[in-house]
**Q** 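Right, I'll just put the structure down here and ask away after.
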Amino acid sequence: QVQLVESGGGLVQPGGSLRLSCAASGGIFSINTMGWYRQAPGKERELVASITRGGYTNYADFVKGRFTISRDNARKTAYLQMDSLEPEDTATYYCNANIIISTTFVASDSWGRGTQVTVSS
């Protein structure tokens, strides 16, 4: 019943910017940590950035200083502002959230279906 939907992906030139959104909906009691992961063909999925319910952030070294993760708890939405994009950033970006379900009060990880980000001239 809980659903995560990513949006904002697309084609951008090197040095450009993109803003991804992840909206959670359904029978949600509360959301703990939210995060963005990415996966390129032939590579393992890797953490890009995460943010706790209280707003504490963690970034992978390869995006530090270029990307910014944020969240709006009222809207149940996480964002990833990506600046100074490089071709190496090309990947499918997935939203992850640890969610406590209203009906059971059980916490579990939920994943979105992903949004494609392509950085190319």
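Hydrogens, waters and symmetry mates are skipped; everything else that's a heavy atom, side chains included, is used.
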**Q** Show every salt bridge (charged side-chain N to carboxylate O under 4.0 Å, His left out) that has at least one partner inside residues 60-85, sequence neighbours left out.
**A**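 Listed once each, the pairs are Arg66-Asp89.
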**Q** In sequence, state the C-alpha distance, the side-chain angles, and the governing distance for Thr52 and Asn32, and then conclude on side-chain contact (heavy atoms from CB on, under 4.5 Å).
**A** CA-CA 6 Å; Thr52 69; Asn32 297 317; over 6 Å; no
**Q** Show the numbers, then the answer: is there a side-chain contact (heavy atoms from CB on, under 4.5 Å) between Arg38 and Glu46?
**A** CA-CA 6 Å; Arg38 71 185 188 187; Glu46 60 185 355; 3.0 Å; yes
**Q** So do Arg19 and Tyr79 actually touch side chain to side chain, heavy atoms under 4.5 Å?
**A**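 Result yes, sub-4.5 Å side-chain heavy-atom pair found.
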**Q** Counting only heavy atoms not in Phe29, do more than 12 fall under 6.0 Å of its CZ?
**A**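 No.
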**Q** Give a yes or no on whether Leu20 and Tyr94 share a hydrophobic cluster (residues Ile, Leu, Val, Met, Phe, Trp, Tyr; joining criterion: side-chain heavy atoms under 4.5 Å apart).
**A**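 No, separate clusters.
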**Q** Should Leu47 and Phe62 be regarded as members of a common hydrophobic cluster, given that ILVMFWY residues are connected when their side-chain heavy atoms come within less than 4.5 Å of each other, either directly or indirectly?
**A**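 As far as the 4.5 Å side-chain criterion goes, Phe62 and Leu47 are not connected within one cluster.
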**Q** For Leu11, run the side chain to side chain contact (heavy atoms under 4.5 Å, CB included) check against Thr118, Thr90, Leu18, Val119 and tell me which one passes.
**A**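 Testing Leu11 for a side chain to side chain contact (heavy atoms under 4.5 Å, CB included) against Thr118, Thr90, Leu18, Val119 leaves exactly one candidate, Thr118.
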**Q** Between Pro87 and Pro14, is there a side-chain heavy-atom distance shorter than 4.5 Å?
**A**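 Yes, their side chains come closer than 4.5 Å.
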**Q** Begin with the C-alpha distance, continue with both residues' side-chain angles, and end with the deciding distance and a verdict on side-chain contact (heavy atoms from CB on, under 4.5 Å) for Ile99 and Leu4.
**A** CA-CA 11 Å; Ile99 298 175; Leu4 298 181; 4.2 Å; yes
**Q** Closest heavy-atom contact between Cys22 and Trp36?
**A**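 Smallest heavy-atom distance, with atoms named: CB-CZ2, 3.6 Å.
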**Q** Does Gln13, at its CD atom, have more than 12 non-hydrogen atoms belonging to other residues, nucleotides or ligands within less than 6.0 Å?
**A**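 Not more than 12 within 6.0 Å, no.
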**Q** Quick check: does any side chain N or O of Ser102 sit under 3.5 Å from a backbone N or O of Ile28, one acting as donor and the other as acceptor?
**A**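 Answer holds: yes.
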**Q** I want to check something: taking the side chain as every heavy atom from C-beta on, are Thr33 and Ile51 in contact at a cut-off of under 4.5 Å?
**A**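 The answer is no; the side chains never approach within 4.5 Å.
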**Q** Please give me the minimum heavy-atom distance between Asn98 and Ala107, naming the atom from each residue.
**A**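 Minimum heavy-atom contact is OD1-CB, 3.8 Å.
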**Q** Quick one: sort the Tyr93 and Phe67 rings into parallel, tilted or perpendicular, breaks at 30° and 60°.
**A**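 Tyr93 and Phe67: tilted rings.
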**Q** Grab the two heavy atoms, one from Gln116 and one from Ala91, that are nearest each other, plus how far apart they are.
**A**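 For Gln116 and Ala91, the tightest heavy-atom pair comes out as NE2-O, 3.5 Å.
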**Q** OG/Ser30 to CZ/Arg53 distance, rounded to the nearest 0.5 angstrom?
**A**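 Reported value, rounded in 0.5 Å steps: 5.0 Å.
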**Q** Using a strict threshold of under 4.0 Å (side-chain N to carboxylate O), is an ion pair present between Glu6 and Arg113?
**A**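 Answer for the salt bridge query: no.
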**Q** Under 4.5 Å between side-chain heavy atoms, hopping through other hydrophobics if needed: is there a path connecting Val117 to Tyr59?
**A**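 Per the 4.5 Å side-chain linkage, Val117 and Tyr59 are co-clustered.
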**Q** Do Val48 and Val12 sit in one hydrophobic cluster, given that two such residues count as connected whenever their side-chain heavy atoms are within less than 4.5 Å of each other, even indirectly?
**A**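 Yes, one cluster joins them.
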**Q** Applying side-chain contact (heavy atoms from CB on, under 4.5 Å) to Gln81 and Ser17, what does each step give before you reach the verdict?
**A** CA-CA 8 Å; Gln81 177 67 43; Ser17 297; 4.0 Å; yes
**Q** Does the side chain of Met34 reach to within under 4.5 Å of the side chain of Ser50, using non-hydrogen atoms?
**A**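 Side-chain contact under 4.5 Å: no.
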**Q** So, the side chain of Thr77 versus the backbone of Ala23: is there a donor-acceptor pair under 3.5 Å, distance only?
**A**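 Flag not set: sc Thr77 to bb Ala23 has no pair under 3.5 Å.
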